[in-house]
Student: 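Next up is a structure, given as structure tokens.
Keep in mind that this is a model prediction, so the values were computed, not measured.
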Amino acid sequence: MRPVGGRRVSGQQPRNCAPPGKKGRLRREIFWPCGPNYVKKGTIRTGKAMTTVRTRFSPSPTGSLHLGGAHTALFNWLYARRHGGVFILRIEDTDKERSQEKFVAEIQESLTWLGLTWDEGPYRQSRRLHIYQEYVERLLAAGAAYYCDCDPEELKVRRETMLARGEKPRYDRRCRELGLGRGPTAAVRFKTPLSGATHWRDRIKGPIAFDHAELDDLVIMRADGIPTYNFAVVVDDITMAVTTVIRGDDHVPNTPRQLLIYEALGVEPPEFAHMPLMLGQDRAKLSKRHGALPVLEYRRQGFLPHTLNNYLARVGWSHGDQEIFSPEELIRYFSLENVGKSAGIFDMEKFLWLNSHYLKEMSPLEVGGNLAFYLAAAEGGRPDPGYFARVAATLQARCKTLAEMAQAAAFYFRDPRPYEAQAAAKFLIPANVALLREIMGRLEALPELTEAAVSGMLKDVADAAGVKVVNVAQPVRVALAGKTVSPGLGDVIAILGQEEVARRLQNAIRFIEENSSPDESARRT
RNA sequence: GGUCCCAUCGUCUAGAGGCCUAGGAUACUGCCCUCUCACGGCAGAGACACGGGUUCGAUUCCCGUUGGGACUACCA
């Protein structure tokens, strides 16, 4: 868990020392943080002399942005912001089958909602095909790649056969030395070294090594000229001058393949930081299949964007015992050194708590503004910000999400009827008619409808009747809110206003009279 | 199966060999506050996966076991 080697040198991050290349040109003379000579004491330069940090978030538009993606995007964004760097958005849409335009839009909307704004992009891999082509040529010319015209279907069969035989399902390299030329069905494969090993020092995981014997000759460009993931990533990260690749540790196995491509291209690679994955309740990687919800779904459910950022930041990263971070603090404190290695599980309970925390912290006016948005769909409430603020103030400490608050606030905007059945059965009974009448009268007599005045009145009524306040409060509550749960009656009454309160009390009395049999009401009144 | 990664309360985590009687947060339980429900306050229960080393001393370093996860495509 502790940094190894140079990772701790006075808190400085080793970075590439050369300026980013211009327009597709390779960067020259780059300090390679992954190499064996990584950080000799005293070689780290500080501040201005170093290259600007450049990170990227590169989702593929094959689905909505979900929590896992937002987690990765946040760490990249935070790291870039922390170091005054550049955050790049890149859409990896080389999977023509599954990529969809609507997801490109949704991903951007999600990031924007979260406030994870990008400085460059969105770049689209599908519009950079000529660049990949150029790099493939280079590899081909250098003898680091070769054409392969094996039939994909047959490859699949071979793979299954190997698997069935208990062998490793790898490409058998039968085209490797054939010297095949370009052709309509020929894909390009990377010529992976047969022996040796690739290793790097991960900014988060420390040293990692893979034997080349474990790797096979991956396809880097399909027969149709579309590059595959591992190749496109490398070319993009080179041409976009990415300095730090921060991604989920599910990409660790891809890294040696990419490092080999950098090497074949003669380019020093960026540094890598593989962050721990965030798992679902079932401990499996978050994915659509495991019920990972789109980020926008959390917006719909009434979570604040900063709740997501704060929560996500604390999965895999920490700053001592601190749990609550303002956006500025997140940026100020974020560092790769404090990113842990082990995967974390998304905990809805804590997530809800965090959201409720922010709901309580915000000003009533702000919460009210948000609440109006959630109510608009359902209730079409009054568009008066002041009114929403007063309503919000009574609900802030009682709700965990804005959607929940909208529900709880509904009675402020419309008639409470129909009453909740159980509540009505228990409190809207003939025995309480007199009480409701008295309350109505007393309210009219109050010089001012304030929380204190109403509370005092309720207590007086209770005292006079020799009962507890709760006994007078509940019938009134059901009459006004339609249920046994609501904010304090003093606030409710003050907000609803004299006229509306009188109407609701009257309605409740009428309801009781209509719903009880004549002799029952005679007996109990 | 193979390769790689990971391992502190249920969950997120603090922990840089003695500061640990292992801290915080959440969730849970109890009490207090209280017109309901919440909020809030106080208290409680709850973890170093196991086995070997190294060391005067391991939660911490090394090895192994076990467990979990990821990857294993002309997906990303």
Student: Compute both the distance and the angle, then confirm whether Arg128(A) meets the cation-pi test with Tyr123(A): under 6.0 Å from the six-membered ring centre, within 45 degrees of the axis.
Tutor: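 Arg128(A) over Tyr123(A) ring: yes.
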Student: Please report the distance separating the C1' of A22(B) from the corresponding atom of C33(B), rounded so that it comes out in whole Å.
Tutor: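 That atom pair is separated by 33 Å.
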Student: State whether Tyr171(A) and Arg189(A) meet the cation-pi test: NZ (Lys) or CZ (Arg) under 6.0 Å from the six-membered ring centroid, and within 45° of the perpendicular axis.
Tutor: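 Geometry flag: set, cation within 6.0 Å and 45°.
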Student: Quick check on RNA chain B: between Leu277(A) and Asp491(A), whose nearest nucleotide comes earlier from the 5' end?
Tutor: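 Closest to the 5' end, via its nearest nucleotide, is Asp491(A).
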Student: Any base atoms under 4.0 Å from Ser58(A), or only sugar-phosphate, or nothing? Heavy atoms, all strands.
Tutor: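 Nothing, no heavy atom under 4.0 Å.
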Student: Need the pair for U21(B). Rule: Watson-Crick or G-U wobble, both distances under 3.5 Å, any strand; none if unpaired.
Tutor: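 Check on U21(B): unpaired, no WC or wobble geometry under 3.5 Å.
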Student: Quick one: are Tyr374(A) and Thr401(A) in side-chain contact, heavy atoms under 4.5 Å?
Tutor: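 No - every pair of side-chain heavy atoms lies 4.5 Å or more apart.
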Student: Taking the P atom in each of G44(B) and U36(B), what is the distance between them to the nearest angstrom?
Tutor: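 Looking at atom P only, G44(B) and U36(B) are 27 Å apart.
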Student: Quick check on side-chain contact (heavy atoms from CB on, under 4.5 Å): which of Pro61(A), Pro59(A), Ser60(A) does Val104(A) satisfy it with?
Tutor: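 Only one of Pro61(A), Pro59(A), Ser60(A) forms a side-chain contact (heavy atoms from CB on, under 4.5 Å) with Val104(A), namely Pro61(A).
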Student: For Ile226(A) and for Gly344(A), find the nucleotide of RNA chain B with the closest heavy atom, then tell me which residue's nucleotide is more 5'.
Tutor: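 In this pair, the answer is Gly344(A).
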Student: Restricting to nitrogen or oxygen on both sides, can you table the protein-nucleotides 36-38 of chain B pairs closer than 3.5 Å?
Tutor:
| from | atom 1 | to | atom 2 | distance (Å) |
| --- | --- | --- | --- | --- |
| U36(B) | O4' | Gln474(A) | OE1 | 3.4 |
| U36(B) | O2' | Thr484(A) | O | 3.2 |
| U36(B) | N1 | Arg477(A) | NH1 | 3.3 |
| U36(B) | O2 | Thr484(A) | O | 3.3 |
| U36(B) | O2 | Ser486(A) | N | 2.9 |
| U36(B) | O2 | Ser486(A) | O | 3.2 |
| U36(B) | N3 | Arg477(A) | NH2 | 3.1 |
| U36(B) | N3 | Ser486(A) | O | 2.4 |
| U36(B) | O4 | Ser486(A) | O | 3.4 |
| U36(B) | O4 | Gly488(A) | N | 3.1 |
| C37(B) | O2 | Arg398(A) | NH1 | 3.0 |
| C37(B) | N3 | Arg398(A) | NH1 | 2.2 |
| C37(B) | N4 | Arg398(A) | NH1 | 3.4 |
| A38(B) | O2' | Ala397(A) | O | 2.5 |

Student: Between Gln396(A) and Met362(A) (side chain of the first, backbone of the second, donor and acceptor by atom type, cut-off under 3.5 Å), is there such a pair?
Tutor: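 Checking the backbone N and O of Met362(A) against the side chain of Gln396(A), a donor-acceptor pair under 3.5 Å is found.
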Student: Distance check, P atoms only: U72(B) and G10(B), in whole angstrom units.
Tutor: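 Result for the P pair: 33 Å, nearest Å.
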Student: How many whole angstroms separate atom CE of Met221(A) from atom P of C74(B)?
Tutor: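 It works out to 15 Å between those atoms.
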Student: Could you tell me which nucleotide pairs with G40(B) by Watson-Crick or G-U wobble geometry, both distances under 3.5 Å, or answer none if nothing does?
Tutor: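 Across all strands, the one nucleotide that pairs with G40(B) is C32(B).
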Student: Contact between Ile226(A) and Met221(A) at the side-chain level, heavy atoms closer than 4.5 Å - yes or no?
Tutor: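 No, every pair of side-chain atoms sits at 4.5 Å or beyond.
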Student: Whole angstroms only, please: what is the CH2-P distance between Trp353(A) and G40(B)?
Tutor: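 Taking atom P of G40(B) as the reference, CH2 of Trp353(A) is at 10 Å.
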Student: Return the nucleotide paired to U59(B): Watson-Crick means purine N1 to pyrimidine N3 with N6-O4 or O6-N4, wobble means G-U with N1-O2 and O6-N3, both under 3.5 Å.
Tutor: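 For U59(B), the partner nucleotide comes out as none, under the 3.5 Å rule.
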Student: For Asn338(A) and A16(B), what is the distance between atoms CG and C1' respectively, to the nearest whole Å?
Tutor: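 That distance rounds to 11 Å.
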Student: Can you check whether Tyr412(A) reaches Val492(A) side chain to side chain, under 4.5 Å on heavy atoms?
Tutor: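 Yes; the side chains approach each other to less than 4.5 Å.
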Student: Looking at the side chain of Lys205(A), which of C74(B), C35(B), C5(B) is the nearest nucleotide?
Tutor: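 Out of C74(B), C35(B), C5(B), the nucleotide with an atom closest to Lys205(A)'s side chain is C5(B).
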Student: I'd like to know whether CD of Gln407(A) has more than 12 heavy-atom contacts from other residues, nucleotides or ligands below 6.0 angstrom.
Tutor: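 Not more than 12 within 6.0 Å, no.
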Student: Using the C1' atom as the reference point in each nucleotide, state the distance between C12(B) and G53(B) in Å, no decimals.
Tutor: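 Per the computed distance, 33 Å lies between those C1' atoms.
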Student: If the glycosidic angle sits within 90 degrees of zero it is syn, else anti. Tell me which applies to C39(B).
Tutor: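 This nucleotide is in syn.
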Student: Whole angstroms only, please: what is the CG-P distance between Asp347(A) and C28(B)?
Tutor: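 About 11 Å, once rounded to whole Å.
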Student: Please determine, for A14(B), whether a Watson-Crick or G-U wobble partner exists with both distances under 3.5 Å, and give it or none.
Tutor: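 Partner of A14(B): none.
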Student: Pick the C1' atom in U8(B) and in A25(B), then give their distance to the nearest Å.
Tutor: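 That atom pair is separated by 15 Å.
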Student: Is there a Watson-Crick or G-U wobble partner for C9(B) with both distances under 3.5 Å, and if so, which one is it?
Tutor: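 No nucleotide pairs with C9(B).
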Student: So Val476(A) and Arg504(A), do their side chains get closer than 4.5 Å, heavy atoms only?
Tutor: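 No, every pair of side-chain atoms sits at 4.5 Å or beyond.
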Student: Please give the nucleotide sitting opposite G1(B) as a Watson-Crick or G-U wobble pair, both distances under 3.5 Å, or none.
Tutor: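 With both distances under 3.5 Å, G1(B) matches U72(B).
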Student: Within the 4.5 Å heavy-atom criterion, are Asp95(A) and Tyr229(A) side-chain neighbours or not?
Tutor: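 They are not in contact (no side-chain heavy atoms under 4.5 Å apart), so the answer is no.
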Student: Now, which nucleotide makes the Watson-Crick or G-U wobble pair with A49(B), with each of the two distances under 3.5 Å?
Tutor: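 Paired with U65(B).
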Student: Under the side-chain contact (heavy atoms from CB on, under 4.5 Å) test against Phe57(A), which residue among Thr72(A), Ile91(A), Ile246(A) passes?
Tutor: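 Running side-chain contact (heavy atoms from CB on, under 4.5 Å) over Thr72(A), Ile91(A), Ile246(A) with Phe57(A) returns exactly one hit, Thr72(A).
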Student: Within a 6.0 Å radius of atom CD on Gln422(A), are there more than 12 heavy atoms belonging to other residues, nucleotides or ligands?
Tutor: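 It does not: Gln422(A) CD has 12 such atoms or fewer within range.
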Student: Tell me the interatomic distance from Phe210(A), atom CZ, to C71(B), atom P, rounded to whole angstroms.
Tutor: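 Distance, rounded to whole Å: 12 Å.
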Student: Report the nucleotide, chosen from G24(B), C74(B), A76(B), that has the shortest atom-to-atom distance to any side-chain atom of Asp321(A).
Tutor: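 Between G24(B), C74(B), A76(B), the one nearest the side chain of Asp321(A) would be G24(B).
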Student: Which nucleotide in the set A7(B), A70(B), A27(B) lies at the smallest distance from any side-chain heavy atom of Ser342(A)?
Tutor: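 It is A7(B).
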Student: Write down the distance between CD (Gln258(A)) and P (C4(B)), rounded to a whole number of angstrom.
Tutor: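 Taking atom P of C4(B) as the reference, CD of Gln258(A) is at 18 Å.
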Student: Using a heavy-atom cut-off of 4.0 Å across all strands, would you classify Ala209(A) as base, sugar-phosphate, or nothing?
Tutor: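 Sugar-phosphate, no base atom in range.
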Student: Can you tell me how far P in C5(B) sits from the matching atom in A16(B), rounded to whole Å?
Tutor: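 Each nucleotide's P atom is 25 Å from the other's.
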Student: Report, as yes or no, whether the 6.0 Å neighbourhood of atom NZ on Lys191(A) holds more than 12 heavy atoms from other residues, nucleotides or ligands.
Tutor: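 Enclosed.
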Student: Send over the distance from Asn310(A) CG to A25(B) C1', rounded to a whole Å.
Tutor: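 Asn310(A) atom CG is separated from A25(B) atom C1' by 11 Å.
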Student: Heavy-atom distance under 4.5 Å between the side chains of Asp217(A) and Phe190(A), does that happen here?
Tutor: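 Counting from C-beta outward, Asp217(A) and Phe190(A) never come under 4.5 Å.
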Student: Heavy atom of residues 155-167 of chain A under 4.0 Å from RNA chain B: which residues?
Tutor: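 Hits under 4.0 Å, by residue number: Leu155(A), Arg159(A).
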Student: Tell me, which of residues 247-256 of chain A have any heavy atom that sits under 4.0 Å from an atom in RNA chain B?
Tutor: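 Here the set is Asp250(A), His251(A), Val252(A), Pro253(A), Asn254(A).
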Student: Should the side chain of Lys360(A) and the base of C39(B) be counted as holding a donor-acceptor pair, with the cut-off at 3.5 Å?
Tutor: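 Checked by distance alone, the answer is no.
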Student: Rounded to the nearest Å, what distance is computed from the NZ atom of residue Lys459(A) to the P atom of nucleotide U34(B)?
Tutor: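 That distance rounds to 11 Å.
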Student: Mark yes when over 12 heavy atoms from residues, nucleotides or ligands other than Lys468(A) sit less than 6.0 Å from its NZ; otherwise mark no.
Tutor: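 Incorrect, the count does not exceed 12.
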Student: Go through U11(B), U8(B), C75(B) for me and flag the one nearest to the Arg222(A) side chain.
Tutor: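 Minimum distance to the Arg222(A) side chain belongs to C75(B).
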Student: Say we look at G1(B) and C9(B): how far apart would their C1' atoms be, to the nearest angstrom?
Tutor: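 After rounding to an integer number of Å, I get 35 Å for this pair.
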Student: Using atom P in both nucleotides, what's the gap between G30(B) and A7(B) to the nearest angstrom?
Tutor: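 Result for the P pair: 36 Å, nearest Å.
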Student: Within the structure shown, what part of the strands sits under 4.0 Å from Glu323(A) by heavy-atom distance: base, sugar-phosphate, or nothing?
Tutor: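 Here Glu323(A) touches the bases of the nucleic acid.
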Student: Pick base, sugar-phosphate or nothing for Arg283(A), based on heavy-atom distances below 4.0 Å to the nucleic acid.
Tutor: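 Sugar-phosphate: the residue Arg283(A), judged by heavy atoms under 4.0 Å, touches backbone atoms but no base.
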